[in-house]
Amino acid sequence: MIVLTTIEADRADELANRLVAERLAACVNVHRPMSSTYWWNNRIEHADECQLVIKTVAGKLPRLEARLRELHSYELPEFIVLHPHAVGPDYAAWAAAAVRD
């Protein structure tokens with residue numbers, strides 16, 4: 001599973017480290033910098049952010065979403081789950097082992 005979220009640049013590494021340390025993610029890629037334009041509170045907003053690409057397994061999604069909401073500073077954090085059509089078996093086995101409790 002791949003989960004996308006965005007966060008302020010100064011908090012991206014901290015969040016990535018926490019999610020991996022807590023074994024909710026096997027890997028988190030931090031893409032920076034990124035300029036976002038979005039609709040919020042009845043107006044167009046602009047923000048400099050980082051996008052996090054979070055690699056995990058399906059069984060971790062509920063805990064990952066709950067923890068992301070706890071740690072995130074945004075009122076409504078992005079939580080978009082992508083379901084890959086295919087994943088290499090060796091990579092899938094590594095990811096599953098990395099998030100095993």
Side-chain angles (χ1 to χ4, degrees):
M1 298 285 131
I2 297 171
V3 176
L4 303 177
T5 196
T6 54
I7 193 165
E8 304 100 326
D10 63 341
R11 300 204 54 229
D13 292 325
E14 174 191 350
L15 181 58
N17 285 326
R18 295 281 297 266
L19 296 177
V20 172
E22 294 178 17
R23 302 191 81 147
L24 296 172
C27 174
V28 179
N29 302 115
V30 179
H31 295 248
R32 61 180 74 138
M34 179 173 87
S35 177
S36 297
T37 302
Y38 54 95
W39 188 259
W40 186 252
N41 290 331
N42 295 316
R43 67 179 195 218
I44 295 175
E45 296 283 346
H46 303 275
D48 292 328
E49 300 177 297
C50 292
Q51 182 177 56
L52 302 186
V53 179
I54 304 164
K55 284 86 168 246
T56 192
V57 296
K60 294 286 182 160
L61 288 174
R63 287 177 43 204
L64 174 61
E65 183 175 14
R67 190 65 173 135
L68 187 71
R69 287 183 178 276
E70 289 173 9
L71 297 172
H72 213 292
S73 62
Y74 292 178
E75 182 179 340
L76 179 62
E78 175 183 40
F79 192 83
I80 298 174
V81 179
L82 305 177
H83 299 270
H85 174 70
V87 177
D90 293 340
Y91 187 87
W94 166 78
V99 296
R100 191 169 296 131
D101 291 328

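The basis for the numbers below is simple: all heavy atoms, side chains too, and nothing from hydrogens, waters or symmetry mates.
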Are side-chain heavy atoms of M1 and H83 found at a separation under 4.5 Å? yes
All pairs passing salt bridge (charged side-chain N to carboxylate O under 4.0 Å, His left out) where residues 33-44 contributes a residue, at least two apart: R43-E45
Answer yes or no: is there a side-chain heavy-atom contact under 4.5 Å between R32 and D48? no
Considering only residues two or more places apart or on different chains, which pairs with a residue in residues 74-85 satisfy salt bridge (charged side-chain N to carboxylate O under 4.0 Å, His left out)? none
For residues V28 and F79: do they belong to one hydrophobic cluster (side chain heavy atoms under 4.5 Å, members Ile, Leu, Val, Met, Phe, Trp, Tyr)? yes
Counting C-beta onward and ignoring hydrogens, is there a side-chain heavy-atom pair between L68 and L15 closer than 4.5 Å? yes
dist N29:CG -> C50:SG (nearest 0.5 Å) comes out at 12.0 Å
With rounding to the nearest 0.5 angstrom, report the CE to OG1 distance, M34 to T6. 5.5 Å
Salt-bridge present (K60, D101; N to O < 4.0 Å): yes
Tell me, do T56 and L24 make a side-chain contact under 4.5 Å, heavy atoms counted? no
Nearest heavy atoms of R23 and A98, plus distance in Å: NE-O, 3.0 Å
If every non-hydrogen atom of A26 is compared with every non-hydrogen atom of W94, which pair is closest and at what distance? O-CH2, 3.5 Å
Does either side chain, that of E49 or that of Y38, offer a donor lying less than 3.5 Å from an acceptor on the other one? no
Is there a chain of hydrophobic side chains (I, L, V, M, F, W, Y, each step under 4.5 Å between heavy atoms) that links L64 to V20? yes
Indicate, with yes or no, if V81 and V87 share a hydrophobic cluster defined by side-chain heavy-atom contacts under 4.5 Å among Ile, Leu, Val, Met, Phe, Trp and Tyr. no
side-chain contact (heavy atoms from CB on, under 4.5 Å) involving H46 - partner list, sequence neighbours excluded: T37, I44
Side-chain contact test, heavy atoms from C-beta onward, threshold under 4.5 Å: evaluate it for I2 versus I54 and give yes or no. no
Keeping the roles fixed (side chain from R11, backbone from L71), state whether a donor-acceptor pair exists under 3.5 Å. yes
Joint hydrophobic cluster, L19 plus L61, side-chain heavy atoms closer than 4.5 Å: yes
Working to the nearest 0.5 Å, report the span between CD1 of I7 and CG of L52. 6.0 Å
